[in-house]
Amino acid sequence: FAHTTAIDALQRNPQLYHIPSLGLFVSYRLVPAVYLDGAVNTSLQPLSEPTPFDAGYVLQALGGAKIGTRRDGFGIFAKVRAGTNSYSKAFASEESGIVTTRRFNATAIDIGTVVERYIGRRWLIRVDGSDVFSGFHDANTVFNGSPVVYRAPSGTHSIQLLCGAGLIF
């Protein structure tokens with residue numbers, strides 16, 4: 001289970017979003033203290049008003065590395081991952097009052113901390129905290145037959161808190 005606090009990309013009317021989500025994570029030890037780490041999350045409720053950059057449900061896919069230590073039933077790690085935030089209903093066009101939407105993808109960079117508690121030899125509880133930076137590109141839209149280009153915002157930061165349970169194998 002995950003919870004994200006974010007500001008909308010267009011920031012014309014900045015507002016915070018609290019976005020509950022569900023996902024899965026995987027981690028693979030390369031060498032002692034260095035792990036490949038990845039996660040996929042999807043929001044459980046849509047963002048509200050469509051902008052050319054974000055709206056609808058968010059699908060997030062991230063992959064990278066976590067580096068740290070495991071000792072006495074606990075692990076603490078720093079993580080750096082990259083991937084994408086994909087928004088399901090960004091504004092695409094408006095013709096005669098009819099709005100159409102499209103999927104919009106933004107580059108995502110995730111920097112944060114992972115704390116794990118190992119339960120026996122097969123189970124773990126994981127808590128992630130991070131700042132996810134989303135970088136956007138210009139959005140080409142159409143308004144009543146005329147093309148309109150929205151310049152990309154400088155990006156947004158999302159504070160994420162994720163909690164999960166996992167199986168060790």
Side-chain angles (χ1 to χ4, degrees), residues 1-11 13-48 51 53-90 103-137 139 152-169:
F1 183 77
H3 190 82
T4 300
T5 300
I7 297 176
D8 70 32
L10 198 53
Q11 296 182 11
N13 207 3
Q15 58 183 315
L16 289 177
Y17 292 100
H18 299 284
I19 309 163
S21 59
L22 193 61
L24 61 91
F25 65 89
V26 64
S27 196
Y28 178 78
R29 188 170 87 175
L30 291 174
V31 295
V34 179
Y35 298 76
L36 289 178
D37 194 67
V40 176
N41 296 302
T42 186
S43 62
L44 297 175
Q45 65 189 37
L47 298 177
S48 55
T51 75
F53 305 101
D54 62 359
Y57 292 92
V58 182
L59 177 64
Q60 181 182 71
L62 298 165
K66 70 178 186 181
I67 300 170
T69 186
R70 295 172 68 170
R71 179 177 290 148
D72 299 326
F74 287 91
I76 187 160
F77 306 90
K79 67 175 177 172
V80 176
R81 303 184 302 189
T84 188
N85 287 335
S86 184
Y87 302 90
S88 68
K89 292 192 180 225
R103 184 164 288 282
F104 187 89
N105 298 318
T107 301
I109 308 237
D110 175 32
I111 299 173
T113 303
V114 175
V115 176
E116 296 175 341
R117 171 68 171 122
Y118 308 107
I119 302 167
R121 298 179 60 81
R122 305 286 296 168
W123 293 95
L124 68 91
I125 302 295
R126 175 175 165 143
V127 177
D128 291 49
S130 62
D131 176 13
V132 178
F133 174 78
S134 296
F136 297 90
H137 56 83
S154 59
T156 61
H157 291 269
S158 302
I159 304 303
Q160 289 190 335
L161 178 61
L162 298 90
C163 300
L167 183 61
I168 300 171
F169 48 122

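Residue indices begin at 1 and follow the sequence shown.
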Legend entry - Residue that, paired with Asn85, satisfies side-chain contact (heavy atoms from CB on, under 4.5 Å) out of Val132, Asp54, Thr107, Thr156: Val132
Legend entry - Arg103 and Ser88 side chains, donor-acceptor separation under 3.5 Å: no
Legend entry - Derivation and outcome, side chain to side chain donor-acceptor pair (under 3.5 Å), residues Asn41 and Ser21: CA-CA 6 Å; Asn41 296 302; Ser21 59; 4.8 Å; no
Legend entry - Non-hydrogen atoms of Leu62 and Gly83 that approach each other most closely: CD2-N, 3.7 Å
Legend entry - Nearest atoms (heavy-atom pairs only) where Ser130 meets Gly112: CB-CA, 3.7 Å
Inset, instruction - Check side-chain contact (heavy atoms from CB on, under 4.5 Å) between Val26 and all other residues, then give those that pass, not counting sequence neighbours. - result: none
Inset, instruction - Any salt bridge (Lys or Arg N to Asp or Glu O under 4.0 Å) involving residues 72-84? Give me the pairs, sequence neighbours left out, ordered by first then second residue. - result: Asp37-Arg81, Lys79-Asp110, Lys79-Asp128, Arg81-Asp110
Legend entry - Atom pair OG1 (Thr84) and CG (Asn105), whose distance is rounded to the nearest 0.5 Å: 4.5 Å
Legend entry - Contact summary for Phe53 and Phe104, nearest pair of heavy atoms: O-CD2, 3.1 Å
Inset, instruction - Compare all side-chain heavy atoms of Leu162 with those of Val127 and state whether any distance is below 4.5 angstrom. - result: no
Legend entry - ring pair (Phe, Tyr, Trp, His ring centres under 6.0 Å) involving Tyr35 - partner list, sequence neighbours excluded: Phe77
Legend entry - Point-to-point distance, once rounded to the nearest 0.5 Å, from OG1 of Thr113 to NZ of Lys66: 12.0 Å
Inset, instruction - Mind listing the closest non-hydrogen atom pair of Arg126 and Leu124 along with its distance? - result: CB-CD1, 3.7 Å
Inset, instruction - Report the residues that fulfil side-chain contact (heavy atoms from CB on, under 4.5 Å) with Leu30, sequence neighbours left out, ordered by chain and then residue number. - result: Tyr28, Val34, Leu36
Inset, instruction - Hey, could you give me the CZ/OG distance between Phe133 and Ser154, rounded to the nearest 0.5 Å? - result: 6.5 Å
Legend entry - Summary of salt bridge (Lys or Arg N to Asp or Glu O under 4.0 Å) pairs that have at least one residue in residues 158-169, sequence neighbours excluded: none
Legend entry - Flag for Arg70-Tyr118: side-chain donor and acceptor within less than 3.5 Å: yes
Inset, instruction - State, yes or no, whether a side-chain contact exists between Leu59 and Val40 at a heavy-atom distance under 4.5 Å. - result: yes
Legend entry - Those residues that, when tested against Arg117, pass side chain to side chain donor-acceptor pair (under 3.5 Å) (two or more places apart): none
Inset, instruction - Find out whether Lys89 and Pro46 are in side-chain contact, i.e. whether some heavy atom of one side chain is under 4.5 Å from a heavy atom of the other. - result: no
Inset, instruction - Check Ala152 against Phe136 and note the closest heavy-atom contact, atom names and distance. - result: CB-O, 3.4 Å
Legend entry - Trp123 CH2 to Glu116 CD distance, which is reported to the nearest 0.5 Å: 14.5 Å
Inset, instruction - Would you indicate whether the side-chain heavy atoms of Arg122 and Phe169 approach each other to under 4.5 Å? - result: yes
Inset, instruction - Could you tell me whether a side-chain N or O of Ser43 sits under 3.5 Å from a main-chain N or O of Val58, the two making a donor and an acceptor? - result: yes
